[in-house]
*Asks:* 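Input: one structure, supplied below.
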Amino acid sequence: MKTITATILVVMTGGLLAGCNIAGPAHPERDGRTYLENHGYPTPFIDRVVNGEKLDHAEVINLSKCRSVDVRFLVARNPNLTHDEIDVFVRDRNDFARSGAAWNTNLSSSQIDILTDDPSHTVYCGLARNEALSENALLRIHKKRNPGILWFAMNPNCPDSIRQEILNSHDDLAKRWLDITDGWKKEGVFKQKGDGRWYKPLSQRTER
C-alpha cells in the first residue's frame with residue numbers, strides 16, 4: 001500500500017472527478033490556492049481555506065461569492081461550517097461547488113436529502129464517499145441514484161452489501177480503491193470511533 005504515491009492518487013482522484021461531468025481533472029487545492037494567491041490573499045488565510053480550518057462567518061460569505069469554483073468547493077467541504085453556512089453552497093448554481101458541500105462531514109439530515117436528490121451526478125457521487133453518512137443514507141443513495149460502486153469503495157464506511165457487490169464485480173478500479181481504503185485504515189489515515197465507524201481527521205483531509 002505504501003508503494004502508492006500521493007501523485008498517483010491525485011491523478012486517479014482527478015480522473016474520477018473528471019468522469020463526473022467536470023471539464024478535465026479537478027485540482028481544487030492547487031487551483032484554489034493559485035486563485036487566492038493571484039488575488040492577493042495572505043498565505044495564512046489561504047492555508048486555512050485549503051486545509052479546511054475555521055473561517056469567520058464573514059469570510060465564508062465572502063468566499064461563497066468568489067468567482068473561482070475551486071475556492072467555493074474548498075469552503076463548501078469545510079467541516080467547521082455551520083448548517084446555515086453549508087446551505088449557501090447547497091444552493092450554489094455550480095454543481096462542483098455543490099459537490100464540495102456533498103463532501104462536508106457536518107451535513108444535516110435535510111441537507112443529505114437535498115443533495116441525494118440533486119440532479120448532478122457530480123454531487124451525489126461525492127455524497128456516496130462521505131464517511132459521515134449513515135449506512136441507511138448510503139444504501140438509499142445506492143438504490144435511488146446509483147452513482148456507481150467506485151465512490152462507495154472510497155468510503156471507509158462502505159456498507160457490507162455494497163462492499164460485497166464491489167468484490168463480486170468486474171470493476172478493477174473500484175476493487176483497487178477498496179484495497180486503498182482498507183490500507184489507509186491500517187496505516188491510520190482513517191481513525192475509528194467508539195461506535196466502530198471510520199473517519200478521516202481534519203489534519204489528513206488534504207494529504208490524500
*Asks:* Taking all atoms of both residues into account, what is the closest heavy-atom pair of Gly52 and Pro79, and its distance?
*Replies:*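 Closest heavy-atom pair between Gly52 and Pro79: O-CD, 4.1 Å.
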*Asks:* Does atom CG (Asn38) have a neighbourhood of more than 12 heavy atoms from anything else shown, all under 6.0 Å?
*Replies:*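 Atom CG in Asn38 is crowded, with more than 12 foreign heavy atoms closer than 6.0 Å.
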*Asks:* Indicate the ring-plane relationship of His39 and Tyr35, choosing parallel, tilted or perpendicular according to the 30° and 60° boundaries.
*Replies:*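 Taking Tyr35 first and then His39, their aromatic rings lie parallel (interplane angle under 30°).
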*Asks:* What's the shortest heavy-atom distance between Leu107 and Asn130, and which atoms?
*Replies:*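 That would be CD1-ND2, 3.9 Å.
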*Asks:* Which pairs count as salt bridge (charged side-chain N to carboxylate O under 4.0 Å, His left out) when at least one residue sits in residues 133-145, sequence neighbours excluded?
*Replies:*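 Of all non-adjacent pairs touching residues 133-145, those that pass salt bridge (charged side-chain N to carboxylate O under 4.0 Å, His left out) are Asp113-Arg140, Asp117-Lys144.
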*Asks:* How close do Ala153 and Ala174 get, counting heavy atoms only, and between which atoms?
*Replies:*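 Here Ala153 and Ala174 meet closest at CB-O, 3.2 Å.
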*Asks:* Step by step, would you call Asp182 with Arg163 a salt bridge (Lys or Arg N to Asp or Glu O under 4.0 Å)?
*Replies:* CA-CA 11 Å; Asp182 288 345; Arg163 181 183 181 87; 2.6 Å; yes
*Asks:* State, with a plain yes or no, whether a side-chain heavy atom of Arg98 is found less than 4.5 Å away from one of Val90.
*Replies:*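 Counting from C-beta outward, Arg98 and Val90 never come under 4.5 Å.
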*Asks:* Indicate if Val71 and Phe73 have the same hydrophobic cluster label, given that clusters are the connected sets of ILVMFWY residues with side-chain heavy-atom separations under 4.5 angstrom.
*Replies:*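 Hydrophobic grouping puts Val71 with Phe73.
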*Asks:* Backbone N or O of Trp184 within a donor-acceptor pair of the Glu187 side chain at under 3.5 Å?
*Replies:*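 It does not hold such a pair.
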*Asks:* At their closest point, which heavy atom of Ala76 faces which heavy atom of Ala101, and how far apart are they?
*Replies:*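 Shortest heavy-atom separation between Ala76 and Ala101 comes out as CB-N, 3.4 Å.
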*Asks:* Could you give the distance from OG (Ser109) to CD1 (Ile114), rounded to the nearest 0.5 Å?
*Replies:*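 Answer for the OG-CD1 pair, Ser109 versus Ile114, is 9.5 Å.
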*Asks:* Kindly compute the distance separating CD1 (Ile46) from CG (Leu36), expressed to the nearest 0.5 Å.
*Replies:*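 Ile46 CD1 to Leu36 CG: 5.0 Å, rounded to 0.5 Å.
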*Asks:* Check whether Lys185 reaches the backbone of Pro156 with its side chain - one donor and one acceptor, N or O, closer than 3.5 Å.
*Replies:*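 The answer is yes, because a donor-acceptor pair under 3.5 Å joins these two groups.
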*Asks:* How long is the gap from OG on Ser68 to CG on Asn94, to the nearest 0.5 Å?
*Replies:*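 Ser68 OG to Asn94 CG: 10.0 Å, rounded to 0.5 Å.
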*Asks:* Side chains of Val69 and Phe96: does their closest heavy-atom pair fall under 4.5 Å?
*Replies:*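 In contact.
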*Asks:* Going through the checks in order, is the side-chain contact (heavy atoms from CB on, under 4.5 Å) test met by Thr181 and Phe190?
*Replies:* CA-CA 8 Å; Thr181 304; Phe190 290 112; 3.9 Å; yes
*Asks:* Test your reading of the model: is there a side-chain donor-acceptor pair from Asp118 to the backbone of Val123, 3.5 Å cut-off?
*Replies:*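 Pair absent, no side-chain N/O of Asp118 close to backbone of Val123.
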*Asks:* What residue among Ile162, Asn168, Ile166 forms side-chain contact (heavy atoms from CB on, under 4.5 Å) with Gln164?
*Replies:*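 Only one of Ile162, Asn168, Ile166 forms a side-chain contact (heavy atoms from CB on, under 4.5 Å) with Gln164, namely Asn168.
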*Asks:* Do Leu115 and Tyr124 have side chains that approach each other closer than 4.5 Å (heavy atoms only, starting at C-beta)?
*Replies:*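 Contact flag for Leu115/Tyr124 side chains = no.
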*Asks:* Do side-chain atoms of Ser99 reach the backbone of Ala102 as a donor and acceptor pair under 3.5 angstrom?
*Replies:*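 Answer holds: no.
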*Asks:* State whether Arg33 and Asp70 are salt-bridged, where the test is any N-O pair (Lys NZ or Arg NE/NH1/NH2 against Asp/Glu carboxylate O) under 4.0 Å.
*Replies:*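 Here Arg33 does not pair with Asp70 in a salt bridge, since their nearest N and O are not under 4.0 Å apart.
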*Asks:* Determine, for Asp171 against Arg176, whether the closest basic-nitrogen to carboxylate-oxygen distance falls under 4.0 angstrom.
*Replies:*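 Looking at Arg176 together with Asp171, the answer is no, because their closest N to O distance does not fall below 4.0 Å.
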*Asks:* A side-chain contact here means heavy atoms from C-beta on lying under 4.5 Å apart; do Asn146 and His121 qualify?
*Replies:*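 They are not in side-chain contact.
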*Asks:* Could you check whether Arg77 pairs with Glu29 (Lys NZ or Arg NE/NH1/NH2 to Asp/Glu carboxylate O, under 4.0 Å)?
*Replies:*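 Salt bridge flag = yes for Glu29 with Arg77.
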*Asks:* With a 4.5 Å limit on heavy-atom distance, are the side chains of Leu138 and Cys158 in contact?
*Replies:*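 Sidechains of Cys158 and Leu138: no contact.
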*Asks:* Salt bridge check: are Arg197 and Glu131 linked by an N-O gap of less than 4.0 Å?
*Replies:*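 A salt bridge is absent here (no side-chain N lies under 4.0 Å from a carboxylate O).
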*Asks:* Do side-chain atoms of Asn106 reach the backbone of Thr82 as a donor and acceptor pair under 3.5 angstrom?
*Replies:*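 Side chain of Asn106 to backbone of Thr82: no pair is present.
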*Asks:* For a side-chain contact (heavy atoms from CB on, under 4.5 Å) check, start with the C-alpha distance between Glu53 and Asp47, then their side-chain angles and the critical distance, and finish with the verdict.
*Replies:* CA-CA 8 Å; Glu53 298 172 9; Asp47 288 342; 5.5 Å; no
*Asks:* Mind telling me whether His142 and Phe152 have parallel, tilted or perpendicular rings, with 30° and 60° as the class edges?
*Replies:*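 Rings of Phe152 and His142: perpendicular, over 60°.
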*Asks:* Counting C-beta onward and ignoring hydrogens, is there a side-chain heavy-atom pair between Ile149 and Ser169 closer than 4.5 Å?
*Replies:*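 The answer is yes, as the side chains (C-beta and beyond) meet within the 4.5 Å cut-off.
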*Asks:* Looking only at non-hydrogen atoms, find the nearest pair between Asp92 and Arg72 and report the distance.
*Replies:*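 Nearest heavy atoms, Asp92 then Arg72: OD2-NE, 2.7 Å.
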*Asks:* Flag the pair Tyr199 / Asn157 as yes when at least one side-chain heavy-atom distance between them is below 4.5 Å, and no otherwise.
*Replies:*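 Not in contact.
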*Asks:* Looking only at non-hydrogen atoms, find the nearest pair between Trp103 and Trp151 and report the distance.
*Replies:*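 Shortest heavy-atom contact: CZ2-CZ3, 4.3 Å.
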*Asks:* Any donor-acceptor pair under 3.5 Å linking the side chain of Asp95 with the backbone of Ser120?
*Replies:*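 Absent.
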*Asks:* Could you check Glu59 against Arg48 for side-chain contact (heavy atoms from CB on, under 4.5 Å), going step by step and ending with a plain yes or no?
*Replies:* CA-CA 11 Å; Glu59 293 172 333; Arg48 284 195 290 128; 3.0 Å; yes
*Asks:* Please check if the side chain of Asn80 supplies one atom and the backbone of Leu55 the other of a donor-acceptor pair under 3.5 Å.
*Replies:*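 No.
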*Asks:* How many angstroms lie between atom CG of Asp172 and atom CG of Asp179, to the nearest 0.5 angstrom?
*Replies:*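 Between Asp172 CG and Asp179 CG, I get 10.5 Å after rounding to 0.5 Å.
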*Asks:* Measure the spacing between CG of Asn136 and CD1 of Ile112 and express it to the nearest 0.5 Å.
*Replies:*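 With rounding to 0.5 Å, CG (Asn136) is 11.0 Å from CD1 (Ile112).
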*Asks:* Heavy-atom distance under 4.5 Å between the side chains of His83 and Gln111, does that happen here?
*Replies:*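 Yes - at least one pair of side-chain heavy atoms lies under 4.5 Å apart.
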